Protein chains: 2
Amino acid sequence: MHGNKTIGLSHLRITLSDNFYIGPGRADLMELIAETGSISEAAKRMGMSYKRAWGLVQVLNEGFGAPLVEASRGGSMQGASLTAAGREVLERYRGMQEATRKAIARDVEALGALHGDMSERK
Amino acid sequence: MHGNKTIGLSHLRITLSDNFYIGPGRADLMELIAETGSISEAAKRMGMSYKRAWGLVQVLNEGFGAPLVEASRGGSMQGASLTAAGREVLERYRGMQEATRKAIARDVEALGALHGDMSERK
DNA sequence: CATCGATATTCCCATTCGGATATATCGAGG
DNA sequence: CCTCGATATATCCGAATGGGAATATCGATG
C-alpha cells in the first residue's frame, strides 16, 4: 500500500548542555552496545561504519560529564558496555520517548487525518 | 557562567508519511513566513539563504498533500503566507512541543542533575 | 509600458560528513 | 611469545549539503 516508515514521533533530541545532547541515533547505538557488548558489532547492526560509531562513543564519553560507554581491548575481556550513567541515560531517554508518544498521540492522529484527506485525492 | 543553549527539548520531529515530516526548523520557518509575509525576509531572520528557505517551502508544499505555504509574485500583492492547512500544521506542532516539554520535564531535570553532578567535578 | 520588489531558478564552489581501507595497539590465553 | 579479536587511529576520497551570486519572471501600480 504505502511506505513502511514509522508514523509519528521520529526524532526526539534532548540537550543537556552546550556540548551534549541525546537523540535517537545515539540512544540506539548505546542500546546495541549494551546488547552486543561490542562497538563494531553495534555499528554493523546500525548499518554504519565502525569509524562513525567510535566517533559517537567519543562524543558520548566526552560530552557528558562521565563516560557513558566503557570499552576495553586486548585479551578475551575485550568489548564494550554501558556504564551505570550510560544505562541511566538510556533508560531515561526511552522513558521520555514513551512519554512523548503518549503526550502527542492525539495531535499526531489529527495531523495524520488531515494529511490523509489532503493526499488521498490523487 | 555557562553557555546559553536551551536545555531540554531541542528537536521534535513528527513523521506523517514517507515523504513528509515536520520539525523545529520547518515550523520556525513557517512561523516567520506567517509573521513577515515574505519568504526572503523569513530566511534572513532565520539566518539562512533564500535558496534554502525556498527549497524548504517546496518540501512543505509537495510533501504534504496540500500546500502549506502560498506565495505570489508580481505587483504589490507579492509575498507569502500560510494556507489554512499550514496554519493548522504549525499550531498542532507548537502544541506538541508544549505537550512534550511538560511530559518530559521530570526526566530532563533528573538527567540535568545527573549531568551536573558528573561534570561539576573538574 | 516602465518600474519595482519579491518570488523562482540555475550555476559554481567550499565545507562537511561519513564510508572504505589500512594499520597499530592492547592483553588474556594457549 | 605468538595468536587472536576487538578497540583505536590516520589517510584518502566521493557524495551531499548549502551558501553566494547572477539572472529570469511575475504582475499590480503609476
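Each chain gets a letter, A, B and so on, in the order its sequence line appears, and its residues count up from 1. Remember, it's a predicted structure, so these values are computed and weren't measured experimentally.
- Applying the 4.0 Å criterion to OP1 and OP2 of D/dT29, one finds that B/Ser76 has a side-chain N or O inside that range.
- A salt bridge links A/Glu88 with A/Arg92: at least one charged nitrogen is closer than 4.0 Å to a carboxylate oxygen.
- OP1 and OP2 of C/dG27 both lie 4.0 Å or more from every side-chain N or O belonging to A/Arg73.
- Across A/Arg94 and A/Asp28, no two heavy atoms sit closer than the pair NH2-OD1, 2.8 Å.
- Relative to the side chain of B/Ala80, the nucleotides D/dG19, D/dT9, C/dT7 differ in distance, and C/dT7 lies closest.
- Within the structure, every side-chain polar atom (N or O) of B/Ser38 is placed at least 4.0 Å from both OP1 and OP2 of C/dA6.
- Between the NZ atom of B/Lys51 and the C1' atom of C/dC12 there is a distance of 9 Å, rounded to whole Å.
- Side-chain atoms of B/Ser49 lie closest to D/dG19 of the nucleotides D/dG5, D/dG19, D/dT7.
- One atom, CD of A/Gln58, and another, P of D/dT7, lie 12 Å apart when rounded to the nearest Å.
- Side-chain contact check for B/Arg26 and B/Tyr93: no donor-acceptor pair (N or O, by modelled atom type) lies under 3.5 Å.
- Side-chain nitrogen and oxygen atoms of B/Ser40 include at least one within less than 4.0 Å of the OP1 or OP2 phosphate oxygen of C/dT7.
- Mapping A/Val57 and A/Gly75 onto DNA chain D via the closest heavy atom, the residue that lands nearer the 5' end is A/Gly75.
- Look at A/Glu91 and A/Arg87 and you find no salt bridge, because none of the NZ, NE, NH1 or NH2 atoms lies under 4.0 Å from a carboxylate O.
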